[in-house]
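Notes follow once the structure below has been shown.
In this chain, numbering begins with 1 at the start of the sequence shown. Every heavy atom of this structure was used, including side-chain atoms; hydrogens, water molecules and symmetry mates were not.
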Amino acid sequence: GLVYVKANGGESTGQTMGYESRLFDTSRVHTIDIVMDDWDSFIENCESEEYSACAVVIDGESYKNVAIRAKGNTSLSSVRSLGSSRYSFKVEFDHYDDTKTYHGLDKLNLNNLIFDNTMMKDYLTYRMMAEFGVDAPLCSFVYITVNGEDFGLYLAVEGVEDAFLERNYSGTGELYKPDSMSFGGGRGNGKGFNMDDVEFYGSEAQNGTTETSTELTASGQSRPMPPDTNGAAVNGGQQPDFSGEMPELPDGEMPTMPEGVTFGGNGEPGGGMGGEDVKLQYIDDDPDSYANIFDNAKTDISEADEQRLIASLKKLSADEDLEDVLDTDEVLRYFVVHNFVVNGDSYTGSMIHNYYLYEQDGKLSMLPWDYNLAFGGFQGNDAESAVNDPIDDVLSDRPMQAWIFSSEEYTALYHEYYEEFLQSADIDGLIDEAYSLIAPYVEKDPTKFCTYDEFETGVQTLKNFCYLRAQSVTGQLDGSIPSTSEAQKENSESLVDASAITISDMGSMGNTMGGK
């Protein structure tokens, strides 16, 4: 394979793939025309996540007989409940003919940019990750038409599958997308449980009526939810704002959850939903104890692969031989960018998912995935806590993060990388460049989830957020601002003032349909 130099000067062996300089050239908005006879019935059946045949024309190049299906967990049902047909899609070039690719690309994701008025949270994060030396999926903006009719501006994202492995590691190593059965790793994983099936009180009740309904399908038990004090529907009947705190049940009971799923508050140490395996804890030597990892393998794995991963998790959990079981450089770089963008819908949040785990020769690294709720969009609307999100909180039940604080040397290196990131990342430049590229397309996008004005406000808010976030992190690094939750509670007067920002201006799970 060709050796190319990564952004951080380290070397990585990988192949140069033809699709990198084509669809993933980020200097322009690309075009994809989906050509399909029965588009309307495809859209009607989108939630089945079944593949249908279509042709796609990418930047004028035609690919016939490729497969397309809708994708997403919460977003699938949200699109429907919003009365929209703007689903996210997965395109498989090799589905019907395993020799077919788009210049080497086997799988392509087309993200609908739901819950994101900036239209660029995912894009910005993947670009920052890649430029900081993390193996991140390639992405670019695409304007989609269906049978020649305008459909909307989407983000094209390289599938983290075979071609990705080829591009980054010459096809070697094993790849996993750990996910609790309850919070779906996509098709077939966890379809029995959907966050939207947990209807918090008020998700159906309208106009101040007080009927109560809730269904926890995971446990097969229905329980009524109490109305709030004035009897109005919580959240105005919108999507539940799921911020990691479960609504209280009668007599303070906790809902019965599938085995291995634990509840905790706000991603605090010891908290979070998801089995020990998705937290990447060592449990025992039995592969069956790691079903949420091994059932979500993206490569064909053998027993030897399973045992090697378990052995690595064992050392990771015990803080032993970390250099042998971690690509420490890459993992540190991942957490620097990941923690900067404050994404609660992730490994470090309360619903432990949305990451890929890559293993080669016993060494583990984390790969980024799904940042449309980053920049504080997942934890409700408190700008101050998002902007000042502490960079040194130890998540003691999540060894892939906790090891950073297991020695002063690693913590110092993490801080060093953070300073390097703040100095090298041209966040403003990336935002401005993306804005000037996509603005005309957002304006004519007929299916977007927000108005053009809301998009403008969203982008400005994102710029302000990143500016204040950088200010807070700089202060946390030099000691003028506390860098742990505990210390911030005791000494909040030094925190960066974020009162000028409204997080939901960047989009949120509650207010997605301003401009349908």
Side-chain angles (χ1 to χ4, degrees), residues 23-32 59 86 88 109-132 136-145 150-158 337 340-343 368 370-377 383 386-387 421-471 498 500-508 511-516:
L23 176 57
F24 295 111
D25 161 12
T26 54
S27 67
R28 63 192 181 104
V29 174
H30 298 264
T31 59
I32 295 185
D59 293 333
R86 185 190 174 106
S88 288
N109 297 295
L110 298 170
N111 290 354
N112 62 357
L113 308 175
I114 194 168
F115 309 139
D116 180 6
N117 294 355
T118 74
M119 314 286 258
M120 63 175 81
K121 289 181 182 181
D122 254 339
Y123 173 83
L124 181 62
T125 306
Y126 290 144
R127 289 287 308 271
M128 293 192 303
M129 285 275 188
E131 288 178 14
F132 199 56
L138 300 173
C139 63
S140 65
F141 288 105
V142 292
Y143 194 72
I144 295 182
T145 52
D150 281 12
F151 194 70
L153 180 78
Y154 274 60
L155 186 70
V157 182
E158 172 189 25
V337 182
F340 180 82
V341 303
V342 195
N343 181 22
D370 199 356
Y371 284 85
N372 70 322
L373 293 172
F375 305 96
V387 160
F421 169 71
L422 291 176
Q423 282 157 20
S424 66
D426 179 15
I427 301 174
D428 246 19
L430 280 169
I431 294 175
D432 288 345
E433 181 190 298
Y435 171 75
S436 56
L437 267 186
I438 67 177
Y441 293 92
V442 175
E443 204 153 9
K444 69 173 185 172
D445 182 333
T447 62
K448 57 182 176 282
F449 292 113
C450 62
T451 63
Y452 183 78
D453 285 348
E454 286 168 333
F455 160 69
E456 296 250 289
T457 305
V459 173
Q460 192 52 57
T461 306
L462 179 64
K463 284 187 78 160
N464 296 345
F465 180 95
C466 290
Y467 172 76
L468 294 175
R469 178 73 180 135
Q471 213 180 311
I501 286 186
T502 306
I503 295 281
S504 59
D505 282 349
M506 292 185 276
S508 75
N511 65 349
T512 48
M513 284 312 277
K516 180 63 186 85

Go through the structure and list residues passing side-chain contact (heavy atoms from CB on, under 4.5 Å) with Lys463, not counting sequence neighbours.
Asp428, Ile431, Asp432, Gln460

Between Thr31 and Val142, is a side-chain contact (heavy atoms from CB on, under 4.5 Å) present by the stated rule, with each step listed?
CA-CA 5 Å; Thr31 59; Val142 292; over 6 Å; no

Tell me if a side-chain donor or acceptor on Ser88 pairs with a main-chain N or O of Asn112 at a distance below 3.5 Å.
yes

Tell me whether Thr118 contacts the main-chain N or O of Met120 through its side chain, where contact means a donor paired with an acceptor under 3.5 Å.
yes

Establish, yes or no, whether a centroid distance under 6.0 Å links the rings of Tyr441 and Phe141.
no

Please examine the side chains of Phe455 and Tyr435, heavy atoms only from C-beta on, and report whether any two atoms are closer than 4.5 Å.
yes

Give, for atom CE of Met128 and atom CG of Leu430, the distance between the pair rounded to the nearest 0.5 Å.
7.5 Å

Are Phe449 and Glu454 packed together at the side-chain level, in the sense that at least one heavy-atom pair is separated by less than 4.5 angstrom?
no

Dump the intermediate steps for side-chain contact (heavy atoms from CB on, under 4.5 Å) on Phe340 and Leu422, then the final yes or no.
CA-CA 9 Å; Phe340 180 82; Leu422 291 176; 3.8 Å; yes

Taking the side chain as C-beta and beyond, is there a heavy-atom pair between Leu153 and Val29 under 4.5 Å?
yes

So does Asn111 get a backbone contact from the side chain of Asn109, meaning a donor-acceptor N/O pair under 3.5 Å?
no

Using atom types as modelled and distance alone, determine if a side-chain donor or acceptor of Ser140 lies under 3.5 Å from a backbone N or O of Leu23.
yes

Heavy-atom closest pair, residues Cys139 and Val157:
CB-CG2, 4.2 Å

Partners passing salt bridge (charged side-chain N to carboxylate O under 4.0 Å, His left out) against Arg127 (at least two apart in sequence or in another chain)
Glu131, Glu433

Using 0.5 Å steps for rounding, measure from the CD atom of Glu456 to the OG1 atom of Thr451.
9.5 Å

When the ring centroid of Phe24 is compared with that of Tyr126, is the distance short of 6.0 Å?
no

Closest non-hydrogen atom pair, Ala136 against Pro368:
CB-CG, 3.7 Å

In the structure I gave you, are the side-chain heavy atoms of Tyr143 and Ile438 within less than 4.5 Å of one another anywhere?
no

Side chains of Tyr371 and Val341 in contact at under 4.5 Å (non-hydrogen atoms)
yes

Working for side-chain contact (heavy atoms from CB on, under 4.5 Å), residues Asp505 and Asn117
CA-CA 7 Å; Asp505 282 349; Asn117 294 355; over 6 Å; no

Under a 4.5 Å cut-off applied to non-hydrogen side-chain atoms, are Phe132 and Ser424 in contact?
yes

Side chains of Tyr154 and Ile32 in contact at under 4.5 Å (non-hydrogen atoms)
no

List the residues meeting side-chain contact (heavy atoms from CB on, under 4.5 Å) with Asp25, not counting sequence neighbours, and say none if there are none.
Ser27, Arg28, His30

Pick out which of Leu155, Val442, Asp122, Asp445 makes a side chain to side chain contact (heavy atoms under 4.5 Å, CB included) with Leu113.
Leu155

Nearest 0.5 angstrom please: Leu373 CG to Asp116 CG, how far?
8.5 Å

One should read off an interatomic distance between Arg86 CZ and Lys448 NZ, to the nearest 0.5 angstrom, of 8.5 Å

Judged by atom type as modelled, is there a donor-acceptor pair below 3.5 Å linking the side chain of Lys121 to the main-chain atoms of Ala374?
yes

How about Tyr467: does its OH atom have over 12 heavy atoms from other parts shown lying under 6.0 Å from it?
no

Passes side-chain contact (heavy atoms from CB on, under 4.5 Å), Ser508 versus Phe115? Steps please.
CA-CA 5 Å; Ser508 75; Phe115 309 139; over 6 Å; no

Out of curiosity, Cys466 SG to Gln471 CD, how far, rounded to the nearest 0.5 Å?
12.5 Å

Check Ala498 against Ala383 and note the closest heavy-atom contact, atom names and distance.
O-CB, 3.6 Å

As an exercise, state the distance from CE of Met119 to CG of Leu437, rounded to the nearest 0.5 Å.
13.0 Å

